[in-house]
Participant: 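This is the structure I have questions about; it appears just below.
If you're wondering where the values come from, they're calculated on a predicted model, not measured in any experiment.
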Amino acid sequence: LDHVSSTGSSHVNDRANIAAEMLIANERSIHTDDDQTWRYNGTHYEKISEKYLGKMLRRILSKDGWAEEGGLTRSTADAITAVKQIRWSQTPINAREPKQILNFQNGELHFLPDGSVKFREHDPSSLLTSVLSFNYEKEAEAPVFRQTIEELFYPPARERMKPRSKVEQRAYEDAYRKNAVIMADHVEELLAYFIIPDRWIPAWFLWIGGGSNGKTFLTDLLYLLLDDDAIESERIQAFTKNDFGMERLIGKTMAIDDDMKTGTTIPDDFVKKISETKRLSANRKYKASFTFMNRCALLLLTNNYPRI
């Protein structure tokens, strides 16, 4: 990372500088940008609060009576400032172009320009901000998963055509089976697109249907595939009701409104903005606005068609 060192600042005391350097040496991958602090946890970067950063520094400063005159609180504040100066990056993590990488618990699967893939160890330089909830197994198969997806698209018995002969019955069953296979292929393609943090296809997604038709089941699959850091689950109005809604999308792979109310009007400007990988602006309370690279796919679930 392109960090800029500023350890010689006169307003930061020496012991705070040393505490900051000790923390960085121990953690190795601490990265700050736009007043946000990121910590690499072995698989991906996660945002940590200033309070949590201060807690880690306070432990160091508390050893052997390290706090400067003026108290532990002041020394901790100075050490936080030192960390942000030493590990500040000119290019924020979320302002960089996303990479076509699937991040698993046991490593990273890189999709290369020639269409091949390569499995690699976790690497902080990949700048990933989320991880899938399971391991990569090259030879793994999932017949039960596939069967379950196909069964979602078989019509219930009450909705099936009533055959007038065995020949007609076989024809209907064959048609149902072919449709289920086509739809399962499509769902698997969608799931693959959702879990890769790169929006190279400009699109947003709307799943419509009455109750008990599989929408919630497929959404629950996404929650199982992705970790909590990757999904922003919220009413769509939360992103547009004030100037601070866009901040929710930073570092997210998906934004999901899993129960959009009947009569909701789709905010056209918002869905267009986050339908692809592009630089967006966000505001934060009492702080300067900033830009970030959108990596988020929008998925809306509803029982009735919304207003446009």
Participant: Following the transitive rule for hydrophobic clusters with a side-chain heavy-atom cut-off under 4.5 Å over Ile, Leu, Val, Met, Phe, Trp and Tyr, establish whether Trp200 and Phe205 coincide in one cluster.
Facilitator: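 Yes.
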
Participant: From Leu298 CG over to Ile236 CD1, what is the distance, rounded to the nearest 0.5 angstrom?
Facilitator: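 Leu298 CG to Ile236 CD1: 5.0 Å, rounded to 0.5 Å.
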
Participant: Is Glu232 salt-bridged to Arg248, cutoff N-O under 4.0 Å?
Facilitator: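 Salt bridge present between Glu232 and Arg248.
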
Participant: One pair to check against side chain to side chain donor-acceptor pair (under 3.5 Å): Glu173 and Gln169. What are the steps and the verdict?
Facilitator: CA-CA 6 Å; Glu173 290 298 327; Gln169 182 177 358; 5.1 Å; no

Participant: Check whether Ile182 and Tyr172 end up in the same hydrophobic cluster, where Ile, Leu, Val, Met, Phe, Trp and Tyr are linked by side-chain heavy atoms less than 4.5 Å apart.
Facilitator: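 No; Tyr172 is not reachable from Ile182 via cluster members.
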
Participant: Is there a side-chain contact between Val144 and Thr148 (heavy atoms, below 4.5 Å)?
Facilitator: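 Side chain of Val144 against side chain of Thr148, heavy atoms only: contact under 4.5 Å found.
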
Participant: Tell me, do Tyr193 and Arg199 make a side-chain contact under 4.5 Å, heavy atoms counted?
Facilitator: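 Yes; the side chains approach each other to less than 4.5 Å.
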
Participant: Quick one, Trp38 with Thr129, criterion side chain to side chain contact (heavy atoms under 4.5 Å, CB included). Give me CA distance, side-chain angles, the key distance, then yes/no.
Facilitator: CA-CA 9 Å; Trp38 301 81; Thr129 56; 3.6 Å; yes

Participant: Quick one: does any side-chain atom of Glu21 pair with a main-chain N or O of Asn17 as donor and acceptor, under 3.5 Å?
Facilitator: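 Checked: no pair found.
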
Participant: Heavy atoms, side chains only, cut-off 4.5 Å: are Phe217 and Ile149 in contact?
Facilitator: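 The answer is yes, as the side chains (C-beta and beyond) meet within the 4.5 Å cut-off.
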
Participant: I need the full list of salt bridge (Lys or Arg N to Asp or Glu O under 4.0 Å) pairs touching residues 176-191, with sequence neighbours left out, sorted by first then second residue.
Facilitator: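 Qualifying pairs, neighbours excluded: Arg146-Asp185, Arg146-Glu188, Asp174-Arg177, Asp174-Lys178.
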
Participant: Find the distance between CH2 (Trp207) and CG (Leu190) and round it off to the nearest 0.5 Å.
Facilitator: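 CG of Leu190 is found 6.5 Å from CH2 of Trp207.
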
Participant: Do Ile201 and Ile196 sit in one hydrophobic cluster, given that two such residues count as connected whenever their side-chain heavy atoms are within less than 4.5 Å of each other, even indirectly?
Facilitator: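 Yes, because Ile201 and Ile196 connect within a single hydrophobic cluster, where side-chain heavy atoms sit under 4.5 Å apart.
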
Participant: Calculate, to the nearest 0.5 Å, the distance between atoms OG and CD1 belonging to Ser75 and Ile60 respectively.
Facilitator: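 Answer for the OG-CD1 pair, Ser75 versus Ile60, is 12.5 Å.
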
Participant: State, to 0.1 Å, how close Lys252 and Ile231 come at their nearest heavy-atom pair, and which atoms those are.
Facilitator: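 Result for this residue pair: NZ-O, 3.9 Å.
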
Participant: Quick one: does any side-chain atom of Thr264 pair with a main-chain N or O of Lys261 as donor and acceptor, under 3.5 Å?
Facilitator: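 Flag set: sc Thr264 to bb Lys261 pair under 3.5 Å.
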
Participant: Does Ser116 reach the main-chain N or O of Leu112 with its side chain, forming a donor-acceptor pair under 3.5 Å?
Facilitator: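 Checking the backbone N and O of Leu112 against the side chain of Ser116, no donor-acceptor pair under 3.5 Å is found.
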
Participant: For side chain to side chain donor-acceptor pair (under 3.5 Å), just list the numbers for Asp123 and Ser125, CA-CA rounded to whole Å, side-chain angles, deciding distance to a tenth of an Å, and then say yes or no.
Facilitator: CA-CA 5 Å; Asp123 186 347; Ser125 67; 2.9 Å; yes

Participant: Please check if the distance between the ring centroids of Tyr176 and Phe153 is under 6.0 Å.
Facilitator: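 Ring-ring flag for Tyr176/Phe153: false, centres at least 6.0 Å apart.
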
Participant: Taking it one step at a time, do Ile266 and Leu300 satisfy side chain to side chain contact (heavy atoms under 4.5 Å, CB included)?
Facilitator: CA-CA 10 Å; Ile266 299 292; Leu300 307 175; 3.5 Å; yes

Participant: Evaluate the side-chain proximity of Met254 to Leu222: yes if any heavy-atom separation is below 4.5 Å, no if none is.
Facilitator: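 Yes, their side chains come closer than 4.5 Å.
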
Participant: State whether Lys273 and Asp269 are salt-bridged, where the test is any N-O pair (Lys NZ or Arg NE/NH1/NH2 against Asp/Glu carboxylate O) under 4.0 Å.
Facilitator: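 Salt bridge absent between Lys273 and Asp269.
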
Participant: Within a strict 4.5 Å, meaning less than it, do heavy atoms of the Thr43 and Leu128 side chains meet?
Facilitator: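 With C-beta onward as the side chain, the pair stays apart.
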
Participant: What pair of heavy atoms forms the shortest contact from Leu61 to Ala19, and how long is it?
Facilitator: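 Looking at all heavy atoms of both residues, the closest pair is CD2-CB, 3.8 Å.
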
Participant: For His122 and Phe104, which heavy atoms make the closest approach, and how far apart are they?
Facilitator: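 His122 and Phe104 have their closest heavy atoms at NE2-O, 2.6 Å.
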
Participant: Would you please say whether a donor-acceptor pair under 3.5 Å links the side chains of Thr76 and Asp78?
Facilitator: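 There is no such pair between these side chains.
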
Participant: Does a donor on one side chain and an acceptor on the other come within less than 3.5 Å for Ser233 and Tyr223?
Facilitator: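 Per modelled atom types, Ser233 and Tyr223 side chains form a pair under 3.5 Å.
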
Participant: Can you find a side-chain donor-acceptor pair between Asn304 and Thr302 that sits under 3.5 Å?
Facilitator: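 No, Thr302 and Asn304 have no side-chain donor paired with an acceptor closer than 3.5 Å.
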
Participant: Give the minimum heavy-atom separation between Tyr136 and Asn106, together with the two atoms involved.
Facilitator: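 Answer, listing the atom of Tyr136 first, then Asn106: N-OD1, 2.8 Å.
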
Participant: Apply side chain to side chain donor-acceptor pair (under 3.5 Å) to Asp258 and Thr219, showing your working.
Facilitator: CA-CA 8 Å; Asp258 59 10; Thr219 306; over 6 Å; no

Participant: Got a donor-acceptor contact below 3.5 angstrom from the Ser133 side chain to the Leu224 backbone?
Facilitator: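 Flag set: sc Ser133 to bb Leu224 pair under 3.5 Å.
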
Participant: Mind checking whether Leu132 and Gln105 have side chains closer than 4.5 Å, heavy atoms only?
Facilitator: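 A side-chain contact is absent here, since even the closest heavy-atom pair is not under 4.5 Å.
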
Participant: Can you tell which of Leu301, Leu206, Asn303 makes a side-chain contact (heavy atoms from CB on, under 4.5 Å) with Met260?
Facilitator: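 Among Leu301, Leu206, Asn303, the one meeting side-chain contact (heavy atoms from CB on, under 4.5 Å) with Met260 is Leu206.
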
Participant: Can you check side chain to side chain donor-acceptor pair (under 3.5 Å) on Thr277 and Asn294, steps first, answer last?
Facilitator: CA-CA 5 Å; Thr277 295; Asn294 177 57; 5.9 Å; no

Participant: To the nearest 0.5 Å, what is the distance between CZ (Phe270) and CD (Gln237)?
Facilitator: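 Phe270 atom CZ to Gln237 atom CD measures 10.5 Å (nearest 0.5 Å).
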
Participant: Heavy atoms, side chains only, cut-off 4.5 Å: are Leu221 and Phe145 in contact?
Facilitator: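 They are in contact (side-chain heavy atoms under 4.5 Å apart), so the answer is yes.
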
Participant: Tell me the closest heavy-atom pair linking Ala255 and Phe239, and the distance in Å.
Facilitator: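 That would be CB-CZ, 4.0 Å.
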
Participant: For residues Ile195 and Tyr45: do they belong to one hydrophobic cluster (side chain heavy atoms under 4.5 Å, members Ile, Leu, Val, Met, Phe, Trp, Tyr)?
Facilitator: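 Cluster IDs for Ile195 and Tyr45 differ.
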
Participant: As a quick check of understanding, evaluate side chain to side chain contact (heavy atoms under 4.5 Å, CB included) for Phe194 and Leu226, giving each step before the final call.
Facilitator: CA-CA 9 Å; Phe194 288 155; Leu226 297 165; 5.6 Å; no

Participant: Please report the interatomic distance NE2(His110) to OG(Ser126), rounded to the nearest 0.5 Å.
Facilitator: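 With rounding to 0.5 Å, NE2 (His110) is 4.0 Å from OG (Ser126).
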
Participant: Nearest 0.5 Å, what's the CD-CZ distance between Glu276 and Arg295?
Facilitator: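 With rounding to 0.5 Å, CD (Glu276) is 15.5 Å from CZ (Arg295).
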
Participant: Within the structure provided, determine whether Leu57 and Ile80 are in side-chain contact (heavy-atom separation under 4.5 Å).
Facilitator: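 Result yes, sub-4.5 Å side-chain heavy-atom pair found.
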
Participant: Strictly distance-based, threshold 3.5 Å: is any side-chain N or O of Lys215 a donor or acceptor partner for the main-chain N or O of Gly209?
Facilitator: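 Flag set: sc Lys215 to bb Gly209 pair under 3.5 Å.
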
Participant: Does Leu191 belong to the same Ile/Leu/Val/Met/Phe/Trp/Tyr cluster as Val117, with side-chain heavy atoms less than 4.5 Å apart forming each link?
Facilitator: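 Yes, same cluster.
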
Participant: For side chain to side chain contact (heavy atoms under 4.5 Å, CB included), just list the numbers for Ile48 and Met56, CA-CA rounded to whole Å, side-chain angles, deciding distance to a tenth of an Å, and then say yes or no.
Facilitator: CA-CA 11 Å; Ile48 59 174; Met56 292 192 293; 3.9 Å; yes

Participant: On a heavy-atom basis, which atom in Ala79 and which in Ala20 lie closest, and how many Å separate them?
Facilitator: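 Minimum heavy-atom separation between Ala79 and Ala20: O-CB, 3.9 Å.
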
